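Letters A, B, ... are given to chains in the order of the sequence lines, protein chains preceding strands, and every chain is numbered from 1. Atom set for the values below is all heavy atoms of this structure, side chains included, hydrogens, waters and symmetry mates excluded. Keep in mind the model is a prediction, meaning the values are calculated, not measured.
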Amino acid sequence: MLWDERFARQALEAPERALAGLDLDDDERAAIASLDLRAFRVDPLRRRRTLQALCAELPVSVALTLGELGRVASLDAFFQSASFHQAMMARGSMFSAFTAYLRSLHLRCPQLPDVLRVEETVGVCRRELERPAARLNTPPPRGAWVARAPGVGALSVDGETLAWMNTVQQTLFELSLIPAMALAKDAPRVPPLSAPGVAPPRPLVVRPEVGGSGLLELGRVVSEVLARLDGPTPVTRALGDARASGLSPARAEALLSDLAEEGLILTEGS
Amino acid sequence: MSLSPKLLGAPRLGVGISCEFNGGTRAVNLDAVALREAWPELIHFLEVGADTRRGLDAHMRRWAALGWPTTYHFLDLNVAEEEDLDPLWLQRTQAIVAELGAAWVCGDAGYWHVGAREPVHDVLLPPVLTRSSAAEMARAVKTLSAALDALIVPENPPAVAYVGPLHLLDYYAQVVSDGDCGFLLDCSHLAIFQASRGLSPLTAFDGFPWERVVELHIAGGRPRVTEGLVWMEDTHDPEPTPEAWAVFEAALTRAKNLKAVVYECEHNPAEEVLDNFRRLNDAFPARG
């Protein structure tokens with residue numbers, strides 16, 4: 001209700017329908033319906049500040065989105081979207097809901113999917129450092145196991161992804177020098193980006209804790225092994241996966257040992 | 001119910017000042033250490049407002065390193081939700097409290113975030129004022145007290161609007177009695193609540209367990225109007241409203257176990273808050 005006035009109005013006018021599905025009794029619905037709609041308007045910049053925080057973590061994805069749609073209203077519509085409301089109703093993540101919303105727009109920009117995956121993974125890893133990661137909450141297997149440490153991610157993206165991100169960030173930096181430039185017809189614009197699918201895929205390890213972009217290039221095998229260790233995984237299976245990526249048994253064992261030493265994986269019982 | 005040894009044994013701290021993370025980077029900010037050195041007879045402790053995401057800043061650490069008294073005010077726990085007390089938060093809060101040597105742990109008892117604890121989710125909302133919500137908060141307070149082995153002192157948060165049929169004081173009466181904890185009465189927040197319901201500042205004072213009030217807050221606010229809706233913003237301006245002072249004076253006479261008073265005025269020039277520090281020290285001397 002704080003972010004979506006249309007929903008707030010519905011909750012006040014027809015609470016049974018608007019609040020259906022929520023664990024509320026009649027008294028609680030009546031209490032909500034008795035609120036003054038004006039109380040939700042005392043902070044007219046709430047949505048903008050929230051968008052500011054979301055966009056700060058997804059700057060390139062948002063720039064590509066705005067570049068295609070050309071309307072800030074397309075971002076503002078997030079607060080009326082199903083992904084936003086589902087996240088709010090189910091104690092979910094507004095950040096994850098925003099990335100889901102951007103995907104739901106089904107934009108044509110071919111660079112967006114991989115850029116969004118990178119920025120999303122960085123954001124998810126940041127969150128894992130603040131509260132227990134849900135992916136680690138599954139019951140551990142019997143015996144020795146390993147899992148990717150909280151705050152560590154791994155993915156493989158188009159080989160040009162980081163170049164696209166650098167190009168867009170350079171334009172955003174220029175705009176940040178004189179924000180009023182955005183109002184001008186000859187404001188800096190993102191130049192055409194190279195086409196995807198030309199360069200070979202690029203494996204990345206994400207670790208915001210190290211600072212900077214939080215993106216590390218540790219090679220294909222490391223990235224593949226880490227990507228498979230979402231939850232607690234038996235050591236035997238992890239070793240098998242490493243061998244499937246082309247390592248000898250001895251090098252597979254050495255790799256897990258190195259990853260543990262670097263704090264990239266958790267180990268238990270080994 | 002009798003009072004816990006943690007509450008009865010809590011030290012009398014006197015009058016203090018509050019601070020929040022990186023407050024020193026704002027245009028006007030009181031340096032608590034300098035203020036205490038200048039007015040040792042007026043500033044007795046620092047209430048450190050922080051969260052586990054950012055931890056303590058240099059200003060807070062400087063005060064703590066001097067061994068001066070502190071309390072810890074969390075800015076990132078939904079006391080209204082038991083599930084918000086996750087092990088990582090407890091571990092980090094315990095470390096902060098230990099570093100500060102905080103006399104107790106307090107904080108606005110409601111919602112500091114919507115949903116899970118995430119950067120974009122930050123808000124400050126009061127609890128839903130119902131019996132079942134108060135019961136859940138009381139359980140959370142007990143769990144927190146056991147986990148941190150500390151006196152927990154929930155505070156009534158400010159709001160433009162409150163949801164639920166209970167009076168704020170009736171709600172927190174249940175929380176502090178069932179939770180066997182202290183209470184931090186923010187006089188300005190209570191005055192805001194009373195005004196929002198068209199009540200006099202001292203409504204519902206009778207029957208409140210005043211023996212559990214260990215701390216009072218007071219601060220200035222500014223009246224605002226939004227489309228004809230009159231409301232009070234908790235701006236921490238120098239001069240509290242007459243209604244907030246009325247709550248303060250009435251609470252002072254009732255709170256027999258009062259240990260501390262915080263004047264929330266950290267973003268004002270020192271000369272504009274001196275008189276009120278004197279007034280508060282006259283009302284609540286450090287050595288009572």
Name the region of B:W231, side chain, backbone, both or neither, that has any atom closer than 4.5 Å to a heavy atom of chain A.
side chain

Within 6.0 Å of CZ in B:R224, more than 12 heavy atoms from elsewhere
yes

Counting only heavy atoms from other residues, nucleotides and ligands, does the tally under 6.0 Å from CG of A:D23 exceed 12?
no

Between atom CZ of A:R126 and atom CD of B:E118, what is the distance when rounded to the nearest 0.5 Å?
11.5 Å

Under 4.5 Å from a heavy atom of chain B, the part of A:R41 involved:
both

The reported gap from CD in A:E128 to CG in B:L88 (rounded to nearest 0.5 angstrom) is 11.5 Å

Any chance you could measure B:R131, atom CZ, to A:D27, atom CG, to the nearest 0.5 Å?
13.0 Å

Side chain / backbone / both / neither for A:Q52 at chain B, heavy atoms under 4.5 Å
neither

Select one option (side chain, backbone, both, neither) describing which atoms of B:V123 are under 4.5 Å from chain A's heavy atoms.
side chain

Please report the interatomic distance CG(A:L129) to OG1(B:T52), rounded to the nearest 0.5 Å.
11.5 Å

Non-hydrogen atoms of chain A under 4.5 Å away: do they reach the side chain of B:D51, the backbone, both or neither?
neither

Is there a side-chain contact (heavy atoms from CB on, under 4.5 Å) between A:W3 and B:V114 once you walk through the steps?
CA-CA 11 Å; A:W3 284 273; B:V114 289; 3.8 Å; yes

Under 4.5 Å, counting heavy-atom pairs only, tell me which of B:L129, B:D122, B:V120 racks up the most with chain A.
B:V120

Atom group of B:S196 that falls short of 4.5 Å from chain A, counting heavy atoms:
neither

Give a yes or no on whether B:R61 atom CZ has more than 12 heavy-atom contacts from other residues, nucleotides or ligands under 6.0 Å away.
yes

Does B:S133 form a side-chain contact (heavy atoms from CB on, under 4.5 Å) with A:E28? I'd like the steps, not just the answer.
CA-CA 11 Å; B:S133 167; A:E28 288 166 333; over 6 Å; no

When rounded to the nearest 0.5 angstrom, what distance separates OG in A:S93 from CZ in B:R117?
13.5 Å

Nearest heavy-atom contact between A:R91 and B:G115 is NH1-O, 3.3 Å

Measure B:E83 against the heavy atoms of chain A and call it side chain, backbone, both or neither at under 4.5 Å.
both

How about A:L22: does its CG atom have over 12 heavy atoms from other parts shown lying under 6.0 Å from it?
yes

For A:M88, is it the side chain, the backbone, both or neither that has a heavy atom under 4.5 Å from a heavy atom of chain B?
side chain

Contact summary for A:A39 and B:V160, nearest pair of heavy atoms:
CB-CG1, 4.0 Å

Any donor and acceptor pair, going by atom type alone, linking the side chain of A:R38 with main-chain N or O of B:E227 inside 3.5 Å?
yes

Could you tell me which portion of B:L125 (side chain, backbone, both or neither) has an atom closer than 4.5 angstrom to a non-hydrogen atom of chain A?
side chain

Gap separating the CG atom of A:D43 from the CD atom of B:E233, nearest 0.5 angstrom:
9.0 Å

Check whether B:R92 gets within reach of chain A through its side chain, its backbone, both or neither, counting any heavy atom under 4.5 Å.
side chain

Does any heavy atom of chain B fall under 4.5 Å from the side chain of A:I32, the backbone, both, or neither of them?
both

